[in-house]
Student: 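After the structure tokens below, expect a handful of questions from me.
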Amino acid sequence: MPIISSTTTLGSVSGLNSLLFTSDASSCHTPSSFPSLLNYSNFSRHSHKCKKKFYSPFQTPKVSLSGNPKTEQPASASASASANANADATQLLDDSPESVLRRRSADWKTATAYIDSGFIYKGRIEGSNGGGLLVRFYSLVGFLPFSQLSPSHSCEDPSKTIHEIAKGLTGSDISMKVIQADEENKKLIFSEKEAVWSQFSEQVNVGDIFEARVGSVEDYGAFIHLRFPDGLYHLTGLVHVSEVSWDLVQDVRDILSEGDEVRVKVISVDREKTRITLSIKQLEEDPLLETLDKVIPQDISAVPDSLSNSNISDIEPLPGLETIFEELLREDGIDDVRISRQGFEKRVVSQDLQLWLSNAPPTNQKFTLLARAGRQASFIVQEIHLTTSLDQDGIKRALQRALERVP
């Protein structure tokens with residue numbers, strides 16, 4: 001995306017450094033940039049009248065382009081700048097309210113052209129207030145809310161407050177996009193986030209893994225700042241609460257805190273809505289897959305407190321297990337699923353339901369599953385017999401499909 005930078009201010013009454021006339025006629029001259037504002041025929045008519053110094057309240061904007069060489073400055077923006085220059089040429093010494101209004105009106109049209117074209121504007125930060133930064137845009141002053149700043153500023157020195165960051169940015173030039181230009185209500189709003197999205201989002205693809213830093217943490221997830229090869233944190237994505245851990249997460253703040261360094265995987269990129277969805281848990285093996293691959297010893301005494309025989313009719317399936325059984329029976333190749341025994345462990349690893357598949361060879365087409373879950377101060381283990389024509393890998397895939405259908 002091309003960048004347009006305005007290194008000077010068009011129509012700014014604060015700039016008085018473009019010399020028009022000197023104190024005597026013999027030394028009258030035009031600066032190198034002057035012909036763009038005043039032709040020599042007009043200049044000659046005035047030069048003999050020079051008696052004292054006059055300075056132009058206007059400067060010619062310097063516009064530079066970078067990025068796609070095929071992209072040019074928005075036509076409306078060029079026309080507006082040209083209109084300002086022509087107006088200045090005919091009214092160099094006219095600083096009347098009407099002239100100022102014309103220039104400002106032209107600059108509002110320029111701002112709208114930036115929105116329509118999607119061009120990036122490089123603006124000078126002139127100051128700040130309680131909510132954001134003040135940005136010079138030709139004869140106008142716009143607003144860059146703190147919420148629209150790139151995360152690179154806060155990540156550079158996390159100890160700084162937002163107002164300390166704002167103070168440090170005053171006087172610097174920042175690439176940004178115009179996101180609102182409302183002349184009637186005098187609202188000119190910029191976004192640095194939109195600009196860095198244009199510059200860096202193409203470097204983000206599904207499956208990419210990033211070193212990252214946790215930003216704000218909300219009830220529904222955490223915003224994560226992605227670190228790019230240049231060492232800066234340019235873009236931010238969201239890790240939903242469901243993608244933080246394979247375990248049930250009641251409160252994201254129990255796991256993540258602002259400033260934490262994490263690794264994340266990109267699981268979706270919505271370029272139209274400028275959204276990146278991330279996952280932390282997908283960088284770890286799914287516990288279901290881990291437990292399915294573990295060898296459950298045939299010597300049941302190896303299981304603490306062992307599995308004991310009991311009246312099957314008295315065994316109450318662990319919460320959620322009956323629904324899983326129903327879904328498994330919908331799978332082709334699975335003929336019967338039932339609990340055969342139950343046991344207890346004194347330790348409690350997790351309150352969540354876990355399923356383990358024994359690697360022992362099946363007997364009469366029966367595979368063994370172990371369902372485990374915490375209940376109060378103990379860990380219940382239920383042995384399940386699965387009658388099926390599927391092999392072990394087929395059972396794993398069937399079990400995964402069944403679990404995906406469980407609410």
Side-chain angles (χ1 to χ4, degrees), residues 145-152 154-155 158 162 191 193-194 196-197 200-201 203-228 233-292 318-324 327 348-356 371-376 379-380 396 399-407:
F146 288 142
S147 62
Q148 291 299 320
L149 278 173
S150 162
S152 60
S154 59
C155 290
I162 189 62
S191 171
K193 283 184 177 179
E194 293 289 334
V196 296
W197 175 270
F200 293 96
S201 63
Q203 300 179 32
V204 181
N205 296 287
V206 173
D208 289 349
I209 297 173
F210 281 85
E211 299 294 331
R213 181 175 292 171
V214 178
S216 61
V217 181
E218 309 295 339
D219 292 340
Y220 51 85
F223 290 96
I224 309 293
H225 306 316
L226 305 180
R227 189 171 72 192
F228 282 74
Y233 298 81
H234 293 293
L235 300 178
T236 301
L238 174 68
V239 174
H240 189 265
V241 60
S242 63
E243 290 295 329
V244 172
S245 172
W246 290 107
D247 293 329
L248 179 64
V249 178
Q250 299 288 353
D251 190 340
V252 184
R253 297 170 186 83
D254 292 338
I255 300 176
L256 298 175
S257 300
E258 185 173 353
D260 286 352
E261 299 288 343
V262 295
R263 293 177 74 243
V264 293
K265 181 178 181 179
V266 179
I267 58 175
S268 75
V269 181
D270 189 330
R271 303 194 188 281
E272 184 177 343
K273 295 182 179 180
T274 65
R275 293 176 182 172
I276 300 173
T277 307
L278 307 167
S279 175
I280 294 175
K281 78 177 188 181
Q282 291 192 27
L283 290 176
E284 303 172 355
E285 287 291 337
D286 185 340
L288 173 63
L289 297 178
E290 287 184 347
T291 57
L292 288 174
L318 292 170
L321 204 53
E322 284 185 300
T323 304
I324 294 175
E327 294 299 330
V348 178
V349 178
S350 172
Q351 296 292 322
D352 300 329
L353 178 65
Q354 298 178 341
L355 294 176
W356 300 61
R372 310 169 69 187
R375 182 179 292 175
Q376 296 178 348
F379 205 36
I380 298 176
K396 292 179 184 179
L399 186 55
Q400 284 182 288
R401 290 192 296 267
L403 291 175
E404 288 174 357
R405 296 194 297 269
V406 174

Student: Counting only heavy atoms not in E322, do more than 12 fall under 6.0 Å of its CD?
Tutor: no

Student: Taking the six-membered ring for Trp, is the centroid-to-centroid distance between F228 and Y233 below 6.0 Å?
Tutor: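 Not close enough - the centres of the two rings lie 6.0 Å or further apart.
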
Student: Would the distance check show the side chain of R263 and the main-chain N or O of F210 forming a donor-acceptor pair, the cut-off being under 3.5 Å?
Tutor: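 Such a contact is absent between R263 side chain and F210 backbone.
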
Student: Ignoring hydrogens and geometry, is there a side-chain-to-backbone donor-acceptor pair from K281 to S242 under 3.5 Å?
Tutor: yes

Student: First locate atom CG of D254, then atom OG of S245, and finally report the distance between them rounded to the nearest 0.5 Å.
Tutor: 11.0 Å

Student: Once you round to the nearest 0.5 Å, how far does CG of L278 lie from CD1 of I276?
Tutor: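 Nearest 0.5 Å value for the CG-CD1 distance: 6.5 Å.
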
Student: How close do L318 and A371 get, counting heavy atoms only, and between which atoms?
Tutor: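 L318 and A371 have their closest heavy atoms at CD1-O, 3.7 Å.
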
Student: Search all heavy atoms of E218 against all heavy atoms of F223 and return the closest pair with its distance.
Tutor: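 So the two residues come closest at CG-CE1, 4.0 Å.
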
Student: Between the main-chain N or O of D260 and the side-chain N or O of S257, is there a donor-acceptor pair closer than 3.5 Å?
Tutor: no

Student: Keeping K193 on the side-chain end and S147 on the backbone end, is there a donor-acceptor pair under 3.5 Å?
Tutor: yes

Student: Once you round to the nearest 0.5 Å, how far does CZ of R405 lie from CD1 of I324?
Tutor: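 These two atoms lie 11.5 Å from each other.
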
Student: Got D251 and V249 here, is their nearest side-chain heavy-atom distance under 4.5 Å?
Tutor: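 With C-beta onward as the side chain, the pair stays apart.
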
Student: Are I162 and L149 side-chain neighbours, meaning at least one heavy-atom pair lies under 4.5 Å?
Tutor: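 I162 vs L149: side chains touch.
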
Student: More than 12 heavy atoms of other residues, nucleotides or ligands under 6.0 Å from CZ of R401: yes or no?
Tutor: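 Counting other residues, nucleotides and ligands, CZ of R401 exceeds 12 neighbours.
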
Student: Using every non-hydrogen atom in the two residues, find where E327 and V406 come nearest and quote the distance to one decimal.
Tutor: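 Smallest heavy-atom distance, with atoms named: CG-CG2, 4.1 Å.
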
Student: With a 4.5 Å heavy-atom cut-off, do V252 and D219 have their side chains touching?
Tutor: no

Student: Pairs of donor and acceptor atoms involving the side chains of residues 265-272, under 3.5 Å and at least two apart or interchain, shall be tabulated with distances.
Tutor:
| from | atom 1 | to | atom 2 | distance (Å) |
| --- | --- | --- | --- | --- |
| S268 | OG | T277 | OG1 | 2.9 |
| D270 | OD1 | E272 | N | 3.2 |
| D270 | OD1 | K273 | N | 3.0 |
| R271 | NH1 | S201 | O | 2.8 |
| R271 | NH2 | V204 | O | 2.8 |
| R271 | NH2 | N205 | OD1 | 3.4 |

Student: Evaluate the side-chain proximity of L256 to I280: yes if any heavy-atom separation is below 4.5 Å, no if none is.
Tutor: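 SC-SC contact between I280 and L256 confirmed.
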
Student: When rounded to the nearest 0.5 angstrom, what is the spacing between CD in E261 and CZ in R227?
Tutor: 6.5 Å

Student: Hey, are Q148 and E194 close enough side-chain-wise for a donor-acceptor pair under 3.5 Å?
Tutor: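 Note: E194 and Q148 side chains miss the donor-acceptor criterion.
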
Student: Apply side chain to side chain donor-acceptor pair (under 3.5 Å) to S152 and H234, showing your working.
Tutor: CA-CA 6 Å; S152 60; H234 293 293; 4.9 Å; no

Student: How close do I224 and A212 get, counting heavy atoms only, and between which atoms?
Tutor: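 Nearest heavy atoms, I224 then A212: CG2-CB, 3.2 Å.
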
Student: Can you check whether L226 reaches F200 side chain to side chain, under 4.5 Å on heavy atoms?
Tutor: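 Sidechains of F200 and L226: no contact.
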
Student: If I take atom CZ from residue R213 and atom OG1 from residue T236, how far apart are they, to the nearest 0.5 angstrom?
Tutor: 12.0 Å

